[in-house]
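Both counts, for ligands and for their atoms, begin at 1 and track the order of listing. Positions are given from 1, in the same order as the sequence printed here. Quantities reported herein were computed from a predicted structural model and do not represent experimental measurements.
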Amino acid sequence: MKKTILITGASSGFGKAIAEKFAGAGWHCIITGRRAGKLQELAKTLQDQYAVRVLPLVFDVQNRQEVFAAIGALPDDWKSIDLLVNNAGLALGKDSFENADLNDWDTMIDTNVKGMMYVTKAVLPYMTARKKGHIINMGSVAGKLVYREGNAYCASKFAVDALSHSMRIDLLPHRIKVTAIHPGAAETEFSRVRFKGDEQKAAAVYDGFTPLYAGDIADVAFYCATLPENVCINDLVVTCTAQADGIYVHK
Ligand code: NDP
Ligand code: 8X3
């Protein structure tokens, strides 16, 4: 029987690549994000290319009402979610503590931490009812080691790390696997968003080395999701070969 995946932040980067990877392997996909046009486009491509069903859902993970309304209203034939990928997230700015913008901090915490918690809470009843499921949370090397001017972004990813561990413990009786994937630098829309459309600053992040690409993380997520029932990868730090951690990159 075909499986179903729900991916947040599927309109670009890791989330989009994960949708492509899983659809290619015959999984039905619920793809979510705020940009309806991008999701519609992806849904059409995946449905045309593969024999899978794709359901785009448009909501902002920061908005608790929107999250619960969208996920709570899933048609019955979409409720058997085998895998939730909590991927939606962002960094905004890279400024020292005294200069950082409070609105940027709010958005990062509301999206990366509270958004992930809302979506998980909304999806969990579908998994606990079946006594099975798998949750993959997108952390970061920034959630393992704090770097200069990383402040609220690093804190939000440390929270993803802590919440992943907490979920894993609490969900043991429900036989739900929880995996945290912590990527290093990957060329997606991430840096364009972080530097608020400054293409030069964004491109400079990946100068002088070969970073990860979205497809690399999709491959890792697929590996984690297709292991036998009795095997769960708890925590995985994945960097490109030129990177050792959130600070050291060989250029
Ligand atoms: P992208 O900017 O390419 O993708 C981010 C995705 O998140 C988009 O689909 C965006 O969709 C969605 N998103 C952002 N805010 C919201 C929101 N409020 N509500 C719903 N969806 C939202 O970046 P990446 O693919 O690189 O990032 C994906 C995850 O990976 C993030 O959690 C990021 O922190 C993490 N990460 C990224 C790394 C990197 O170097 N690229 C390294 C380590 C971790 P839309 O705009 O349509 O809402
Ligand atoms: C994204 C990677 O190093 O920019 O989480 O924090 S980094």
Side-chain angles (χ1 to χ4, degrees), residues 6-20 31-42 56-64 66-67 70-71 85-94 104 106-116 118-119 122 136-161 163-164 180-197 201-202 204-206 209 211-218 220-221 236-240 242-249:
L6 187 155
I7 310 151
T8 65
S11 54
S12 78
F14 297 161
K16 184 177 180 199
I18 290 169
E20 288 164 346
I31 52 173
T32 84
R34 291 165 301 179
R35 286 172 291 176
K38 295 253 178 208
L39 294 174
Q40 293 292 354
E41 205 178 296
L42 178 62
L57 284 185
V58 179
F59 60 81
D60 185 332
V61 298
Q62 298 173 90
N63 185 315
R64 198 206 289 199
E66 278 185 24
V67 169
I71 294 172
V85 182
N86 280 312
N87 164 75
L90 78 176
L92 280 177
K94 193 160 180 284
D104 288 349
D106 280 344
T107 305
M108 287 188 275
I109 300 293
D110 289 350
T111 307
N112 302 355
V113 185
K114 290 165 75 178
M116 183 199 70
Y118 297 157
V119 172
I136 295 181
N137 294 326
M138 206 55 74
S140 169
V141 290
K144 295 289 186 182
L145 181 68
V146 172
Y147 53 78
R148 195 161 65 94
E149 299 171 340
N151 41 66
Y153 180 68
C154 292
S156 75
K157 291 300 183 179
F158 269 76
V160 171
D161 197 25
L163 287 163
S164 299
I181 299 177
H182 303 278
E187 198 163 5
T188 61
E189 291 183 10
F190 177 84
S191 291
R192 257 179 278 156
V193 172
R194 174 173 236 171
F195 297 116
K196 302 174 182 175
K201 244 178 158 176
V205 172
Y206 312 106
F209 71 106
L212 291 171
Y213 298 104
D216 300 322
I217 295 303
V220 169
L236 205 54
V237 177
V238 185
T239 64
C240 67
Q243 182 169 21
D245 56 29
I247 296 173
Y248 291 100
V249 179

### Message
Keeping H182 on the side-chain end and V237 on the backbone end, is there a donor-acceptor pair under 3.5 Å?
### Response
no
### Message
If the test is side-chain contact (heavy atoms from CB on, under 4.5 Å), which one of N112, I18, I7 qualifies with M138?
### Response
I18
#### Entry: Side-chain donor/acceptor of E66 to backbone N/O of F59, under 3.5 Å
no
#### Entry: Nitrogen or oxygen atoms of S140 and ligand 1 under 3.5 Å apart
no
### Query
When you measure from the side chain of N87 to the backbone N and O of G9, does any donor-acceptor pair fall under 3.5 Å?
yes
### Message
Give me the residue, atom name and distance of the protein heavy atom closest to atom 18 (N) of ligand 1.
### Response
D60 OD1, 2.8 Å
### Task
For atom 26 (O) of ligand 1, grab the closest protein heavy atom and report residue, atom and distance to one decimal in Å.
T188 OG1, 2.6 Å
### Query
Can you list the ligand 1 atoms lying under 4.0 Å from a non-hydrogen atom of G89?
5 (C), 7 (O), 14 (C), 31 (C), 32 (O)
### Residue T111 vicinity, atoms of ligand 1 by number, heavy atom under 4.0 Å
15 (N), 16 (C), 18 (N)
### Query
Side chain of S156, backbone of Y153: donor and acceptor closer than 3.5 Å?
yes
### Message
Using heavy atoms and a 4.0 Å limit, tell me yes or no: is G184 in contact with ligand 1?
### Response
yes
### Query
Under the 3.5 angstrom rule, does the side chain of T239 hit a backbone N or O of Q243 as a donor-acceptor pair?
yes
### Query
Nearest protein heavy-atom contact for atom 27 (O) of ligand 1: which residue, which atom, what distance?
F14 CD1, 4.2 Å
### Query
Is T8 reaching over with its side chain to a backbone N or O of A88, donor-acceptor style, under 3.5 angstrom?
yes
### Task
Indicate the atoms forming the closest heavy-atom contact of I71 with A122, along with that distance.
CG2-O, 3.6 Å
### Summary
Residues A221 and I181: closest non-hydrogen pair is CA-CD1, 3.8 Å
### Query
Does G115 have a heavy atom less than 4.0 Å from any atom of ligand 1?
no
### Task
Give the residue and atom name of whichever protein heavy atom lies nearest to atom 14 (C) of ligand 1, and the separation in Å to one decimal.
R34 NH2, 3.4 Å
### Nearest option to atom 3 (O) of ligand 1, as decided by whichever heavy atom of P183, S12, S191 sits closest
S12
### Message
Can you tell me if K157 has over 12 outside heavy atoms packed within less than 6.0 Å of its NZ?
### Response
yes
N/O pairs closer than 3.5 Å, ligand 2 and protein:
from	atom 1	to	atom 2	distance (Å)
ligand 2	4 (O)	R194	NH1	3.4
ligand 2	5 (O)	S140	OG	2.5
ligand 2	5 (O)	Y153	OH	2.6
ligand 2	6 (O)	Y147	OH	2.6

### Task
Measure from the side-chain N and O atoms of Q62 to the backbone N and O of K114, and report whether any donor-acceptor pair falls under 3.5 Å.
no
### Message
For R192, state whether at least one heavy atom is located under 4.0 Å from any atom of ligand 1.
### Response
no
### Query
Does the pair D104 and K196 meet the rule for a salt bridge (charged side-chain N to carboxylate O under 4.0 Å, His left out), with working shown?
CA-CA 11 Å; D104 288 349; K196 302 174 182 175; 2.5 Å; yes
### Task
Within a distance under 4.0 Å of any heavy atom of Y153, pick out the atoms of ligand 1 and give their elements.
33 (C), 34 (O), 36 (N), 44 (C)
#### Entry: Nearest candidate to atom 10 (C) of ligand 1, where distance is taken over non-hydrogen atoms, out of G13, G37, S11, A36
S11
### Message
Any atom of ligand 1 sitting under 4.0 Å from a heavy atom of A142?
### Response
no
### Message
For V113 versus A159, what's the shortest heavy-atom pair and its separation?
### Response
CG2-CB, 3.8 Å
### Query
Applying a 4.0 Å heavy-atom criterion (strictly less than), which segment of H182 is in contact with ligand 1: side chain, backbone, both, or neither?
neither
### Query
Going by the order shown, which atoms of ligand 1 are within less than 4.0 Å of some heavy atom of F59?
19 (N), 20 (C)
### Message
I'd like to know whether ligand 1 has Q62 as a neighbour, heavy-atom separation below 4.0 Å.
### Response
yes
## Note on the structure
Under 4.0 Å from one or more heavy atoms of A185, ligand 1 contributes atoms 40 (O)
### Message
If you count heavy atoms of other groups shown closer than 6.0 angstrom to CZ of F209, is the number above 12?
### Response
yes
### Task
Mark the output for T8 as yes if a heavy-atom distance to ligand 1 is under 4.0 Å, and as no if none is.
no
#### Entry: With K94 via side-chain contact (heavy atoms from CB on, under 4.5 Å) - residues at least two apart
Y147, E149, R194, F195
### Query
Just distances here: any N/O of A186 and N/O of ligand 1 closer than 3.5 Å?
yes
### Task
List for me each residue that meets side-chain contact (heavy atoms from CB on, under 4.5 Å) alongside E187, sequence neighbours excluded, and say none if there are none.
Y206, P211, Y213
Side-chain atoms of residues 34-42: list all donor-acceptor pairs with protein atoms under 3.5 Å, sequence neighbours left out, distances to 0.1 Å.
from	atom 1	to	atom 2	distance (Å)
R35	NH1	E189	OE1	3.3
R35	NH2	S11	OG	3.4
R35	NH2	E189	OE1	3.2

### Query
Counting heavy atoms only, which of G33, G246, A88 is nearest atom 13 (N) of ligand 1?
A88
### Task
Examine N112 against ligand 1 and note whether any of their N/O atoms are separated by less than 3.5 Å.
no
### Query
Do any nitrogen or oxygen atoms of Y206 come within less than 3.5 Å of a nitrogen or oxygen of ligand 1?
no
### Query
Is it true that K144 and D161 have a side-chain N and a carboxylate O under 4.0 angstrom from each other?
yes
### Query
To which of N87, T239, V119 does the heavy atom nearest atom 29 (C) of ligand 1 belong?
N87
### Task
Please indicate whether any nitrogen or oxygen in V61 is less than 3.5 Å from any nitrogen or oxygen in ligand 1.
yes
### Task
Run down the list G139, G9, G143 and name the one with the heavy atom closest to atom 44 (C) of ligand 1.
G139
